[in-house]
Student: 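Take a look at the following structure, please.
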Amino acid sequence: MHDISSDRKTGENHLKIVLEEIQFCMVVLGIIIVAWCTDGGGDCRKMRRLLLAKMPELMTPHCWGHQ
């Protein structure tokens, strides 16, 4: 969990956090990440697009539970 309440809500800022989390999961926990799901807000949508460009092997679905 990250407190980002004082940060700007941008795709780039979210991407930085997500990449750190993916790295932690893979290196420390030994988990293979195959997908990263987020809500459909503009900042998260941009983050998913940037993440897919950086890691095209991942699935990056929109969470329909947030509708």
Side-chain angles (χ1 to χ4, degrees):
M1 182 183 295
H2 296 271
D3 178 8
I4 61 169
S5 57
S6 63
D7 297 338
R8 290 192 64 218
K9 308 307 181 273
T10 65
E12 291 82 7
N13 285 346
H14 288 324
L15 179 64
K16 180 178 176 261
I17 292 168
V18 167
L19 290 174
E20 290 171 1
E21 287 301 314
I22 290 173
Q23 183 71 13
F24 175 81
C25 288
M26 292 171 62
V27 173
V28 176
L29 302 177
I31 297 171
I32 297 171
I33 303 293
V34 297
W36 198 271
C37 182
T38 66
D39 67 21
D43 51 343
C44 291
R45 187 171 45 248
K46 182 175 183 181
M47 186 282 301
R48 285 195 317 271
R49 182 177 51 80
L50 295 172
L51 179 61
L52 187 59
K54 195 174 252 330
M55 301 179 77
E57 68 277 10
L58 291 181
M59 293 183 290
T60 58
H62 167 177
C63 176
W64 289 96
H66 284 92
Q67 296 304 310

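Every value quoted in this text rests on a predicted model; they were computed, and no experiment measured them.
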Student: Give the cluster check for Val28 versus Val18: same hydrophobic cluster or not, with ILVMFWY residues linked at side-chain heavy-atom distances below 4.5 Å.
Tutor: yes
Student: Side chain of Asp43, backbone of Gly11: donor and acceptor closer than 3.5 Å?
Tutor: no
Student: Are Leu58 and Leu29 connected, step by step, through hydrophobic side chains (Ile, Leu, Val, Met, Phe, Trp, Tyr) whose heavy atoms are closer than 4.5 Å?
Tutor: yes
Student: Show the nearest heavy-atom pair for residues Asp39 and His62, with the distance to one decimal.
Tutor: C-CD2, 4.1 Å
Student: Verify side-chain contact (heavy atoms from CB on, under 4.5 Å) between Thr10 and Lys46, making sure each step is shown before the conclusion.
Tutor: CA-CA 8 Å; Thr10 65; Lys46 182 175 183 181; over 6 Å; no
Student: Would you say that His14 contacts Ile4 through its side chain, given a criterion of any heavy-atom pair below 4.5 Å between the two side chains?
Tutor: yes
Student: Under a single-linkage definition using a 4.5 Å side-chain heavy-atom cutoff for Ile, Leu, Val, Met, Phe, Trp and Tyr, are Ile17 and Phe24 assigned to the same hydrophobic cluster?
Tutor: no
Student: Should Met47 and Trp36 count as side-chain neighbours, where that means a heavy-atom distance under 4.5 Å?
Tutor: yes
Student: Answer yes if Met59 and Leu50 sit in the same cluster of Ile, Leu, Val, Met, Phe, Trp and Tyr residues linked by side chain heavy atoms under 4.5 Å apart, and no otherwise.
Tutor: no
Student: Of all heavy-atom pairs between Leu19 and Lys54, which one has the smallest distance, and what is that distance?
Tutor: CD1-CD, 3.4 Å
Student: Just how far is it from atom SG of Cys37 to atom CZ of Arg48, taken to the nearest 0.5 Å?
Tutor: 7.5 Å
Student: Going by an N to O cut-off under 4.0 Å, is there a salt bridge joining Lys16 and Glu12?
Tutor: no
Student: For residues Ile33 and Met26, determine if any side-chain heavy atom of one lies less than 4.5 Å from a side-chain heavy atom of the other.
Tutor: yes
Student: Would you say the side chain of Leu15 lies within less than 4.5 Å of the side chain of Asn13, judging by non-hydrogen atoms?
Tutor: no
Student: Please check if the number of heavy atoms outside Lys9 that lie under 6.0 Å from its NZ is greater than 12.
Tutor: yes
Student: Compare all side-chain heavy atoms of Ile22 with those of Leu51 and state whether any distance is below 4.5 angstrom.
Tutor: yes
